[in-house]
There are 2 protein chains.
Amino acid sequence: MITPDKKVLLPKHDISVLVAVLNYFHPLPEGIVSFLQQHTVPMRFGKKKMLVKAGAMCEYIYFIQSGAVRGFSKEDGKELTTWITLEHEMVSSITSLDIHEPCIENIQAIEDCVILAISFENLEKLYQKFPEFNIVGRKLLQKYYRDAEVRAYIARLTKAENKYRYFLKVHPGMANRIPLKYIASYLAITQETLSRVRKNL
Amino acid sequence: MITPDKKVLLPKHDISVLVAVLNYFHPLPEGIVSFLQQHTVPMRFGKKKMLVKAGAMCEYIYFIQSGAVRGFSKEDGKELTTWITLEHEMVSSITSLDIHEPCIENIQAIEDCVILAISFENLEKLYQKFPEFNIVGRKLLQKYYRDAEVRAYIARLTKAENKYRYFLKVHPGMANRIPLKYIASYLAITQETLSRVRKNL
DNA sequence: AAAATTATTTGACTATTCTCAATAATTTTA
DNA sequence: TAAAATTATTGAGAATAGTCAAATAATTTT
C-alpha cells in the first residue's frame, strides 16, 4: 500500500491570477508566492452577502477572483455607494487596514463572488518577512489612490448627465452589469434620475 | 586669510518638520535624513500661484511647511476643488507620480506658501537606495487614501447642510481660514448656497 | 410555468439648489 | 488712505433633481 505524500495531496487553491496581478506591480520573488499560497484563504460570498459591516473590525484584505463588490455607507438611513469593484482587484477597509479601527464602510457582494482573503496579520508578516513587498504595497496604494481621486471627481460633478457620461467612460464594463440602483447611488443621484438620464442617452 | 569650509557655509534649509512627519510614519535612519537634506528644494509660492497645471507633467512632490494649497479641475469651465491641504502635509499629482503621465488636476496656492519639493527622480532614488523608505511611502499612501475616501464621501452627501456639517467636523481648522468660494467648490455646491447654509448655522 | 420577488420606468408634484443680478464687505494695491 | 479688486451676501426666478406612488419589466423561486 502506498502512503501518499500529504503535501502533494493538499488541495492547493489557485492563486495564479492574484500572483499575476501583484507581479505586474513589482516582480515577486518565489518566497512571496509560496507565502501567499499558504496564507490566502479562499472564500465565497453569495450575492448581497456582507463581507464587512460598518462599525465592526475588518480583518482581511480581499482579492476578487470573480464577481463584483461595492462599498457603501449611510446618510439619514439612505445608502451611499462609495465604490464598485470588479474581479481582479482588491478591496478592504482602508481605515481598519491603516489604523486598526472599526471600519466606517460596509462591503457587500453585488454578484456571487469567489475571493481570496489575506488577514491583516498575515499581511503584516508578509511585509516583515519580505521587505520588498512594501514596494508592491506602495504601488498598489498609488493605483488605488488614483482611483479614489477619480471617484471624488465624479461625485463632484454637478449635472447628473455629466456624472453618468464620465462613469461610462471610466467604467465601461459596469453599465450593463451592475444594477442601476447601485450605479445611481455611486453617482450620488436617485435611481429615478439615472433612469431618466439613460433614456435621454 | 581664511578659506572657509564650503560645506559648513552652505546654508542648510530646515527640514526638521518634514523629518518629524515622516518619522511619525516609520523611524528614519540617518542616511535618509541626509539624503532629504541634500535633495529637497525649498520653494515659495505666492497666493494664487500655480504649483502644477493640468495637462503638464508634474515633477515634484511638495511638502507644505506653511500655507494652504488646493487641487482643482474643471467642469464646463467651472472649477471643481477636489482637495484642500494645509501645512505639514504633502501634495502632488498622483497621476504623474504613479504612472508618469501629465496631471489631470491643477494645484494652486491658496495662501503664501513655504514648501519643500522633492523631484520624482530623487524620490525614486530614495526608494532604491533606502528600500526601507518604501515602508514610509506605503504608510503615507495609506493615510492619503483614507483622506481620499473621506473626500469622496463628503461629495456624495445630498444635502448642502450635511456636507458643510461634515466638513466642519473633519476640517475644523479650515472653516475660518479658507475663502468660502473654495470650500463651496470643494463641497460641490455654489458659494451662494454655502453662504446661506452658514447663515442658518 | 406560475408565483413571488426585485428592479426599473413613468408621472405628478415638491424641494433644493442654481443662476443671474445687485449690493455689501473685505482685502489688496497703488 | 483711497481706489481697485476680490470675496461674500442677498433676492427673485428658473432649472434640476428629489419624493412618492403606481405601473411595468425582469429575475428568481417554488
For a 4.5 angstrom cut-off between non-hydrogen side-chain atoms, does [X] reach [Y]?
| X | Y | answer |
| --- | --- | --- |
| A:Ser93 | A:Ile104 | no |
| B:Cys58 | B:Ser92 | yes |
| B:Ile154 | B:Leu187 | yes |
| A:Phe120 | A:Leu97 | yes |
| A:Leu126 | A:Leu36 | yes |

(message) Contact list please: residues 162-170 of chain A against DNA chain D, heavy atoms, distance less than 4.0 Å, in numerical order.
(response) none
(request) Sequence neighbours left out, what pairs pass side-chain hydrogen bond (donor to acceptor under 3.5 Å, both in side chains) with at least one residue falling in residues 40-66 of chain A? (result) A:His13-A:Thr40
[X] [atom1] to [N] [atom2], straight-line distance once rounded to whole Å:
| X | N | atom1 | atom2 | value |
| --- | --- | --- | --- | --- |
| B:Glu161 | C:dT16 | CD | P | 10 Å |
| A:Arg156 | C:dT17 | CZ | P | 17 Å |
| B:Asp76 | C:dC18 | CG | P | 14 Å |
| A:Ile189 | C:dT8 | CD1 | P | 13 Å |
| B:Asn200 | C:dT16 | CG | P | 11 Å |
| A:Asn176 | C:dA7 | CG | P | 17 Å |

(message) Please give me every residue in residues 190-197 of chain A whose heavy atoms get under 4.0 Å of an atom in DNA chain C, ordered by residue number.
(response) A:Gln191, A:Glu192, A:Ser195, A:Arg196
(message) Report for the helix from C:dA1-D:dT30 to C:dA30-D:dT1: angle between first-end and last-end helix axes, five pairs each, rounded to 10 degrees.
(response) 60°
(message) So if I apply the side chain to side chain contact (heavy atoms under 4.5 Å, CB included) rule between A:Met174 and each of A:Phe167, A:Tyr182, A:Tyr186, which one comes out positive?
(response) A:Phe167
Can you tabulate the close N/O pairs, meaning under 3.5 Å, that link protein atoms to atoms of nucleotides 28-30 of chain C?
{"residue": "C:dT28", "atom": "OP1", "partner": "B:Lys47", "partner atom": "NZ", "Å": "3.1"}

(message) List the residues meeting ring-ring contact (aromatic ring centres under 6.0 Å, His included) with B:Tyr127, not counting sequence neighbours, and say none if there are none.
(response) B:Phe133
(request) Report the residues that fulfil ring-ring contact (aromatic ring centres under 6.0 Å, His included) with A:Tyr153, sequence neighbours left out, ordered by chain and then residue number. (result) A:Tyr166
(request) In plain terms, say whether B:Arg151 and B:Asp147 are close enough for a salt bridge, that is, a side-chain N and a carboxylate O under 4.0 Å apart. (result) no
Salt bridge (Lys or Arg N to Asp or Glu O under 4.0 Å): which pairs involve [range], sequence neighbours left out?
| range | result |
| --- | --- |
| residues 187-201 of chain B | none |
| residues 93-112 of chain A | A:Asp98-B:Arg146, A:Glu111-A:Arg177 |
| residues 179-191 of chain A | none |
| residues 152-164 of chain B | B:Glu161-B:Arg165 |

(message) Checking side-chain polar atoms at under 3.5 Å, does A:Glu89 have a donor or acceptor matched by the opposite partner on A:Tyr144?
(response) yes
(request) Assign each of A:Thr158 and A:Ile178 to its nearest nucleotide of DNA chain C by heavy atoms, then name whichever residue's nucleotide is nearer the 5' end. (result) A:Ile178
(message) I'd like the 5' and 3' limits of the part of DNA chain D contacted by chain A, with heavy-atom contacts below 4.0 Å.
(response) D:dT16 to D:dT28
(message) Counting only heavy atoms from other residues, nucleotides and ligands, does the tally under 6.0 Å from CD1 of A:Ile99 exceed 12?
(response) yes
(request) Report yes if at least one side-chain N or O of A:Lys199 is closer than 4.0 Å to OP1 or OP2 of C:dT10; otherwise report no. (result) yes
